[in-house]
Undergrad: 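What follows is a single structure, and I will ask about it in a moment.
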Amino acid sequence: MRLSRKAKGEYQVEVSKDYDPLKIEPKWQERWEELDVYRFDREDKKKPTYVIDTPPPYPSGEFHMGTALNWTYFDIVARYKRMRGFNVLFPQGWDCHGLPTEVQVEKSYGIRKGDLPPEKFRGLCVKLTEENIKHMRKEMNSLGFSIDWSTEYRTMDPDYYRRTQLSFVQLYKRDLIYRGEHPVNWCPRCETAIADAEVEYEDREAMLSYIKFKLHGENEYLTIATTRPEYLPACVVVAVYPGDKRYKKHVGKKLEVPPFGQVVGLIEDHEVDPEFGTGVVMVCTFGDKTDVRWVKRHKLPVVKLIDEKGKMSEAADKYAGLTLEECKRAIVDDLRKAGLLVKQEKLTQSVGACWRCETPVEILTKPQWFMRVLDLKDKVIEGAKRVRWVPEHMRRRLIDWAESMDWDWVISRQRIFATPIPAWYCTSCREPVVAEERQLPVNPAKVKPPVERCPKCGGESFEPEQDVLDTWMDSSITIAVHAGWPELDRRLFPADLQPNGTDIIRTWDYYLLVRHLALLGEAPYRTVLINGMVFGEDGRKMSKSLGNYVDTTVARGKYGTDALRQWAAIGASTGSDIPFSWKDVDFGYRFMRKFWNAARFAGPHLNARIAGLDPKKLKFRPVDRWILSRLNRLIEQVTGWLEDFQFNHALGAIQTFVWHELCDMYIEEVKHRLYGDDPTSDAARYALYHVMLTAAKLLAPFTPHFSEEVYQTHFAKDHPYPSVHVLSWPEVNKKFIDESAERAGELTNLIIGALRQFKSERKMALSRELPSVEIYASSREVAKRLKEVGDDIAGTMRVGKLSIKVGEPKLTERVLAVEPELAKLGPRLRADVKLIVQALREAKPEDLAKRLVKGKLKLRAGGKRFELAFEDVRVIKETVSAGRKVEVIDIQKPALTLLITSS
RNA sequence: GGGCCCGUGGUCUAGUGGUUAUGACGUCGCCUUGACAUGGCGAAGUUCCGGGGUUCGAAUCCCCGCGGGCCCA
């Protein structure tokens with residue numbers, strides 16, 4: 001942009017025709033950082049606070065489009081709330097620990113976790129994490145998120161995991177954390193226990209084997225069906241549905257399990273599906289979660305069949321050391337040879353797999369640490385009911401999840417890159433000793449336990465806990481941590497907003513709720529804001545493997561992040577899944593260019609003098625009052641929608657207002673006043689000034705860079721504020737909301753629209769002058785209102801003489817010609833058509849028309865007689881009013897007739 | 001198998017009892033007007049997945065069916 005001095009002494013801003021986001025966005029991102037506009041002011045005790053608990057992303061190095069959607073939602077809220085005068089805490093953290101990084105390290109160095117000393121392995125994980133964070137931080141800044149980086153935290157830092165450990169110690173003291181031996185989900189590849197939330201189910205093809213079990217002491221067999229014959233060595237009982245007629249007589253008898261021949265009982269249980277297979281099921285320890293329930297219910301023994309690496313243990317006898325797959329094949333072969341395999345059939349089965357490496361999960365029993373989440377179930381549900389959910393129906397998902405919990409949460413992991421569990425064991429009696437709070441943060445491998453002797457057996461020798469905590473133990477206390485816990489700042493707790501995607505309600509929202517309820521006794525957030533999943537342009541969930549993946553860098557590479565943010569805001573209603581759409585991004589850019597050009601037009605009229613005018617002294621025309629009224633209604637609506645997180649409605653309303661009401665109508669309607677010596681021109685300038693500045697402010701949460709550029713180019717010179725983002729949100733000025741002005745404006749637009757259409761239909765240039773337009777109104781009221789807006793209509797549409805009358809016009813019709821329909825007559829009359837043409841031309845049109853109305857038109861021509869029907873000719877007429885030819889437009893609601901003299 | 005959500009012009013989408021059913025993209029026609037032709041004006045196109053019901057009145061509520069999605073088992 002360049003400033004040049006105009007003759008009148010006012011500055012004219014020469015603004016380029018195109019808005020170039022790729023150049024402008026980085027410029028403002030740097031400037032905002034210099035200005036520190038997003039700083040949360042910890043010292044300020046006056047302003048109300050607004051706390052957004054942003055879910056710390058896993059530093060995978062890549063920023064997914066779904067995360068971009070998520071962040072756009074809460075960035076809009078953060079920016080809006082700042083403008084509303086809140087001291088906004090918008091922190092950014094990183095959920096560093098966990099398997100994916102370990103897996104990535106193992107992959108890139110070609111090692112397994114046990115190949116290096118833990119400290120070294122952890123060092124590689126930290127290094128990788130830091131690199132990934134660097135990438136992601138850069139991308140987040142480029143996406144324009146208003147993050148206060150002074151609040152950045154990393155769960156792998158001692159200051160953070162000190163608090164994770166503190167929460168462990170406190171919950172242990174309250175008996176909400178305990179050590180126990182229970183079945184857990186186990187990933188044999190990652191060699192660790194994992195929580196239910198980390199198990200993902202997918203359909204896989206399996207083989208259902210029908211295997212004969214001999215009835216002990218009889219010469220008869222029962223056939224069971226199983227997909228997991230490798231579990232035969234751990235079969236502890238066989239079960240049928242209660243009262244199943246086929247098997248009733250055998251219940252209570254003993255069976256011999258092939259191929260080892262161990263003898264087990266036959267029991268009844270209602271969880272057996274009599275329709276599946278043969279209706280006889282073997283219960284093993286543990287083929288699946290149902291087995292776990294059966295073992296518990298019927299107090300069955302547990303055989304440890306599988307080891308940590310997924311191999312068969314000694315319990316598998318001659319199959320020991322084989323992998324599950326190898327064992328399955330060997331056993332099936334042996335059964336076949338023994339004639340005990342009846343048949344096999346294919347079956348699609350849902351298999352639980354590790355969320356990270358997709359290895360099928362096994363169920364093992366090992367001593368682990370657990371949190372008593374089952375005891376907190378009612379409190380969690382109660383909490384979920386009290387919180388506000390957007391959209392409302394998402395609450396159901398959390399409640400359903402909480403209700404479906406059937407195991408306590410296993411919080412220990414047999415991994416390395418995670419928060420150490422602050423505990424030791426007595427080497428003689430295995431009694432755990434948990435750290436004192438003052439010791440934290442602690443690595444038990446390097447520090448001695450807080451006691452000299454084992455409180456249980458008096459032993460003096462201890463060994464450190466080697467297990468680590470589930471990463472959700474880190475990230476489920478973020479809200480307390482933001483608020484300074486353990487010194488809790490009540491102004492920052494509970495958080496006002498908890499935003500995340502539908503897919504992590506069961507993890508993120510649930511764990512936050514259960515941990516804070518356990519620690520602090522209250523729900524940690526007031527409102528949960530849910531965003532949907534991002535789909536590819538093909539309508540399927542966006543993922544690299546489906547080939548519909550769009551990187552955020554690519555998505556913002558075309559028209560910048562403000563265009564992309566508009567897609568995020570307007571692509572779907574809040575909570576709905578949203579397909580990525582280039583055309584929405586394109587539209588976002590076109591919208592900005594449209595506004596940019598409107599501002600370019602208005603620019604020379606916007607200055608301090610205009611801003612300072614007293615509206616009471618201005619000669620507003622009805623169109624000015626109309627646009628100001630519409631503007632204030634817009635402020636009211638957009639504010640309401642933002643309070644309700646309805647981003648699509650809010651942005652849609654602003655776009656429609658700017659493009660159609662401001663650009664298409666208002667600006668066109670005031671041009672004629674701005675160029676001449678119109679005494680009302682300052683009123684138009686005043687309206688333009690406020691409409692454009694307010695629109696820029698309303699857009700600031702959605703298109704922060706664009707709004708800033710508009711503000712800096714046209715308004716900053718008259719304002720003491722360094723950025724549009726420190727301005728306050730527009731207030732509704734009720735004085736400008738004016739029902740009758742809106743009706744006058746609508747009437748003006750209605751007539752201008754009709755005249756535009758008229759010109760368009762007649763292929764006239766819109767700038768062509770219409771010498772005269774008469775408007776007949778059906779009522780005095782409408783005529784009166786029309787008189788008020790007559791100058792606006794005439795000025796905008798270039799009407800020479802505009803007159804307004806009450807009543808209906810006196811119109812007569814004049815027949816100009818009666819012309820033959822050659823397409824009809826040609827085929828019928830052949831060469832005689834020429835005679836008809838001649839005859840019609842020679843006769844008087846009025847006369848022909850009269851005869852036609854009576855019926856057939858009889859003609860003599862060239863000595864022949866012809867009869868023409870109505871459809872054989874076209875009657876060309878014109879409308880005449882007071883002796884002049886006019887064209888007529890009829891409008892309904894309100895009933896108006898426009899008579900136009902166009903030539 | 002369960003819970004929840006959804007099914008609207010060619011495509012995506014707004015719309016929870018009364019609107020000429022919203023908007024965008026696309027299509028077609030016209031217009032260079034002093035911000036924008038990367039623009040403007042206008043047109044065509046859906047009867048709201050199917051069936052049944054409630055109601056004076058349903059895209060909107062209820063039931064059944066079909067199809068899709070998310071989460072879970």
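Lettering follows sequence order; numbering is per chain, from 1. Source: prediction; values computed, not measured. Note: hydrogens, waters and symmetry copies are ignored here, and every other heavy atom, side chains too, is used.
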Undergrad: Can you tabulate the close N/O pairs, meaning under 3.5 Å, that link protein atoms to atoms of nucleotides 10-14 of chain B?
TA:
residue : atom : partner   : partner atom : Å
rA14(B) : OP1  : Ser573(A) : N            : 3.3
rA14(B) : OP1  : Ser573(A) : OG           : 3.1

Undergrad: Would you mind pulling out the nucleotide paired to rG57(B), Watson-Crick or G-U wobble, both distances under 3.5 Å?
TA: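 Its partner: none found.
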
Undergrad: For Arg388(A), which residues count as a salt bridge (Lys or Arg N to Asp or Glu O under 4.0 Å) partner, sequence neighbours excluded?
TA: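 With sequence neighbours excluded, Arg388(A) shows a salt bridge (Lys or Arg N to Asp or Glu O under 4.0 Å) to Asp644(A), given in chain and number order.
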
Undergrad: Does Arg397(A) make a side-chain donor-acceptor contact with the base of rC70(B), cut-off 3.5 Å?
TA: yes

Undergrad: Run the salt bridge (Lys or Arg N to Asp or Glu O under 4.0 Å) test against Asp244(A) and tell me which residues pass, sequence neighbours left out.
TA: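 Arg246(A).
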
Undergrad: My understanding is that only residues two or more places apart in sequence, or in another chain, count here; which of them pass salt bridge (Lys or Arg N to Asp or Glu O under 4.0 Å) with Arg798(A)?
TA: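 Scan of Arg798(A) (salt bridge (Lys or Arg N to Asp or Glu O under 4.0 Å), adjacent residues dropped) gives none.
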
Undergrad: Checking base pairs now: Watson-Crick or wobble, both atom distances under 3.5 Å. What partners rG10(B)?
TA: rC25(B)

Undergrad: Which one, rG40(B), rC70(B), rC4(B), comes nearest to the side chain of Trp659(A)?
TA: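 Looking only at side-chain atoms, Trp659(A) lies closest to rG40(B).
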
Undergrad: Describe the nucleic acid contact of Trp401(A) in one word from base, sugar-phosphate, nothing, applying a heavy-atom distance below 4.0 Å.
TA: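 It contacts sugar-phosphate atoms only.
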
Undergrad: With both distances under 3.5 Å as the test, what is the Watson-Crick or G-U wobble partner of rC30(B)?
TA: rG40(B)

Undergrad: The side chain of Phe587(A) is closest to which nucleotide in this list: rA35(B), rC41(B), rA24(B)?
TA: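 Per side-chain heavy atoms of Phe587(A), the pick is rA24(B).
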
Undergrad: Identify, with sequence neighbours excluded, every residue that meets ring pair (Phe, Tyr, Trp, His ring centres under 6.0 Å) alongside Tyr589(A).
TA: Tyr559(A)

Undergrad: Return the pairing partner of rC70(B) with a 3.5 Å limit on both distances, Watson-Crick or G-U wobble; otherwise return none.
TA: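 Because both required distances fall under 3.5 Å, rC70(B) counts as paired with rG3(B).
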
Undergrad: What pairs with Asp584(A) under salt bridge (Lys or Arg N to Asp or Glu O under 4.0 Å), at least two apart in sequence or on another chain?
TA: none

Undergrad: Has the side chain of Glu668(A) got a donor or acceptor atom sitting under 3.5 Å from an opposite partner on the base of rA35(B)?
TA: yes

Undergrad: I want to check one thing: is the phosphate of rA35(B), taken as OP1 and OP2, less than 4.0 Å away from some side-chain N or O of Tyr675(A)?
TA: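 Yes, within the criterion.
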
Undergrad: What residue among Phe580(A), Tyr58(A), Tyr549(A) forms ring pair (Phe, Tyr, Trp, His ring centres under 6.0 Å) with His64(A)?
TA: Tyr549(A)

Undergrad: Under 4.0 Å, counting only non-hydrogen atoms across every strand here, what does Lys671(A) touch: a base, just sugar-phosphate, or nothing?
TA: base

